[in-house]
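See below for the structure under consideration.
What you see is a predicted model; the values in this text were computed from it and never measured. Note that these values count all heavy atoms, side chains included, but never hydrogens, waters or copies made by symmetry.
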Amino acid sequence: MLIGTSHNHPKLAIRQKSHKFTPSNSKSITHIMTILITGTSQGIGKAIAERFLSDGHQVIGFDRMESSIADDSYSHIQRDIRDELPEIE
């Protein structure tokens with residue numbers, strides 16, 4: 001991916017190193033984490049939660065809407081956290 005050119009050498013392209021995608025199910029987990037994610041009912045928050053779940057981690061999701069993720073390693077707290085964070089055990 002071209003991300004810019006050198007100031008002194010306008011014809012010299014600076015390229016970002018591309019990384020090969022490795023499917024999450026091919027990784028071995030050495031440490032299971034508990035991850036807190038906001039906005040897990042849809043969009044980017046949901047996609048991030050699903051990725052961590054597929055990697056075998058525990059996920060606690062916060063959203064104003066009901067949960068849209070069904071996984072034994074997922075806990076959902078339906079709450080608006082803009083003003084106050086809930087107690088987490």
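- Taken from CZ in Phe62 to OG in Ser75, the straight-line distance is 9.5 Å, to the nearest 0.5 Å.
- Taking CZ of Arg64 as the start and CD1 of Ile77 as the end, the distance is 16.0 Å to the nearest 0.5 Å.
- In this structure, Ile60 CD1 and His76 NE2 are separated by 12.0 Å, a value rounded to the nearest 0.5 Å.
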Output a table of donor-acceptor pairs, distance under 3.5 Å, between side-chain atoms of residues 37-50 and any protein atom two or more places apart or on a different chain; print 'none' if there are none.
unit_1 : atom_1 : unit_2 : atom_2 : d
Thr40  : OG1    : Tyr74  : OH     : 2.6
Ser41  : OG     : Met65  : O      : 3.4
Ser41  : OG     : Glu66  : O      : 2.8

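- Within 6.0 Å of CG on Asp80 lie more than 12 heavy atoms contributed by other residues, nucleotides or ligands.
- Within a 6.0 Å sphere centred on CZ of Arg79, other residues, nucleotides and ligands contribute more than 12 heavy atoms.
- Taking CD of Gln58 as the start and CD1 of Ile35 as the end, the distance is 9.5 Å to the nearest 0.5 Å.
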